[in-house]
Amino acid sequence: MLKLSEMFTSLQGEGPFAGKPATFIRLSGCLEPHCPWCDTKHAWNAGKSMDPGNISRQIASFNTDLLVITGGEPFLQWHNGLIELEHRLLKDGYDIQYETSGKVLIPENSLGYKVCSPKFLKNHWHFDTRNIDRVDVFKFVFDNNGEWIKDFVQKHEIASNRVWIMPLGAHRTEQLAMMAAVWDFCVENKFNFSPRLHTLAFDNRNGV
């Protein structure tokens, strides 16, 4: 049984698939230390139990090709039903994108597209370095000082076209205030720029 926080259809708001219609499957549970800026703190809680078959049947009614499995930290539930859910969804022809912090080891046999947002908290990276080659692209939050991002990218020899940068801020005004700095940082380092479209459109509303 999977612990599910919420499920809804919308547009992907950030990263390499920004703007695409998607169904979001938000699984419950996360690992400490939690991000102080997290905008989905409700996913830290236990959630409701659902079996993978029931989830896959509900997804069919949303009629989207892209499924975003996020959290919390989704790979905490790999052996509790996520592996079965992935198999079902791929068999049904869906495209799967995972959103992960990389705090836990990404399963080597997972076939979804992995977007990883490593967390730099309390002057320390909370990231399992074995995930470097298991991640498809990295997505970082920029907070006016990108040196820690550059250090991470250089240390792990990550190609710049695998890096997406987005502005810190849970509110529209914070996003807009940071955008010019993120733009310049991306131009300087040949990184990809990622807005947070859902925040720009709806401010800090959940479920969009």
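If you're wondering where the values come from, they're calculated on a predicted model, not measured in any experiment.
Atom CD of Glu99 is separated from atom CD of Glu73 by 10.5 Å, given to the nearest 0.5 angstrom. Asn131 contributes atom CG, which lies 11.0 Å from atom CD of Glu108 (distance to the nearest 0.5 angstrom). One finds the CD1 atom of Ile55 at 8.5 Å from the CE atom of Met1 (value rounded to the nearest 0.5 Å). Rounding to the nearest 0.5 Å places CZ of Phe17 at 14.5 Å from CG of Leu11. Residue Ile149 holds its CD1 atom at 11.5 Å from CD of Gln154, rounded to the nearest 0.5 Å. Between Ile69 atom CD1 and Ile96 atom CD1 the span is 5.0 Å, to the nearest 0.5 Å.
The two atoms that bring Asn204 and Ala170 nearest to each other are CB-O, 3.3 Å, heavy atoms only. Contact record, Leu89 with Ser56: CD2-CB, 4.1 Å, taken as the closest heavy-atom pair. Considering all non-hydrogen atoms of both residues, Pro195 and Leu200 come closest at CB-CD1, 4.2 Å. Considering every non-hydrogen atom in both Pro52 and Leu2, the closest pair reads CG-CD1, 4.3 Å. The two residues Cys30 and Gly72 have their closest heavy-atom pair at CB-CA, 4.2 Å. What you find for Cys116 and Pro118 is that their closest heavy atoms are O-CD, 3.3 Å.
Classified by interplanar angle (parallel below 30°, tilted 30° to 60°, perpendicular above 60°), the ring pair Trp78/Tyr98 is perpendicular.
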Subject >> Full working for side chain to side chain contact (heavy atoms under 4.5 Å, CB included) between Val137 and Tyr113 >> reply: CA-CA 9 Å; Val137 299; Tyr113 191 90; 3.2 Å; yes
**OP:** Mind running side chain to side chain contact (heavy atoms under 4.5 Å, CB included) on Asn144 and Met178 for me, showing each step along the way?
**Re:** CA-CA 7 Å; Asn144 257 335; Met178 192 73 69; 3.7 Å; yes
**OP:** Using the side chain to side chain contact (heavy atoms under 4.5 Å, CB included) rule, take Leu82 and Leu85 through it: C-alpha gap first, then chi angles, then the decisive distance, then the call.
**Re:** CA-CA 5 Å; Leu82 182 54; Leu85 180 63; 4.3 Å; yes
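Looking only at side-chain heavy atoms (C-beta outward), Glu188 and Lys150 come within less than 4.5 Å of each other. Contact of the Asn54 side chain with the Gln58 side chain is registered, since non-hydrogen atoms from C-beta on lie closer than 4.5 Å. Using a 4.5 Å heavy-atom threshold, the side chains of His126 and Ser101 count as separate. Put simply, the side chain of Ser160 does not reach to within 4.5 Å of the side chain of Val153, judged on heavy atoms. The shortest distance between side-chain heavy atoms of Phe142 and Pro167 does not fall below 4.5 Å. You'll find the side chain of Ile59 reaches within 4.5 Å of the side chain of Met7, heavy atoms only. Using a 4.5 Å heavy-atom threshold, the side chains of Gln175 and Met166 count as separate. Within the 4.5 Å cutoff, no side-chain heavy atoms of Leu27 are placed close to those of Phe75.
Here the side chain of Lys3 pairs no donor or acceptor atom with the backbone of Gly29 at under 3.5 angstrom. At distances below 3.5 Å, not a single donor-acceptor pair connects side-chain atoms of Thr64 with backbone N or O atoms of Ala22. A donor-acceptor distance shorter than 3.5 angstrom exists from the side chain of Asn192 to the backbone of Val163, with no hydrogens or angles considered. Under a 3.5 Å cut-off, the side chain of Asp128 and the backbone N or O of Arg130 do form a donor-acceptor pair. Side-chain atoms of Ser117 come within 3.5 Å of backbone N or O of Lys139 as a donor-acceptor pair. Looking only at distances, a side-chain donor or acceptor of Asp136 sits under 3.5 Å from a matching main-chain atom of Lys114. Of the possible polar contacts, none joining the Glu86 side chain to the Ser110 backbone as a donor-acceptor pair under 3.5 Å is found. Here the side chain of Gln77 pairs a donor or acceptor atom with the backbone of Ser28 at under 3.5 angstrom. Remark: the backbone N or O of Ile106 is paired with a side-chain donor or acceptor of Arg134 at under 3.5 angstrom. Looking at Arg172, its side chain does come within 3.5 Å of a backbone N or O of Ala201 through a donor-acceptor pair.
Taking hydrophobic clusters as Ile, Leu, Val, Met, Phe, Trp and Tyr residues chained together by side-chain heavy-atom distances below 4.5 Å, Phe8 shares a cluster with Val68. In the hydrophobic clustering of this structure, Ile158 groups with Ile165; members are Ile, Leu, Val, Met, Phe, Trp, Tyr whose side-chain heavy atoms approach within less than 4.5 Å, directly or through other members. Under the 4.5 Å side-chain heavy-atom criterion for Ile, Leu, Val, Met, Phe, Trp and Tyr, Leu76 and Phe127 are members of the same hydrophobic cluster. Both Leu4 and Tyr94 belong to a single network of hydrophobic side chains, linked directly or stepwise wherever heavy atoms of I, L, V, M, F, W or Y lie under 4.5 Å apart. Tracing side-chain contacts under 4.5 Å through hydrophobic residues (I, L, V, M, F, W, Y), one never reaches Val115 starting from Val135; they form parts of separate clusters.
Atom CG of Asn63 has 12 or fewer heavy atoms from other residues, nucleotides or ligands within 6.0 Å. Heavy atoms of other residues, nucleotides or ligands lying less than 6.0 angstrom from CG of Asn145 number more than 12.
For Phe152 and Phe140, the ring centers are positioned less than 6.0 Å apart.
Of the options Phe185, Phe138, Trp164, a ring-ring contact (aromatic ring centres under 6.0 Å, His included) to Phe191 is made by Phe185 and by none of the others.
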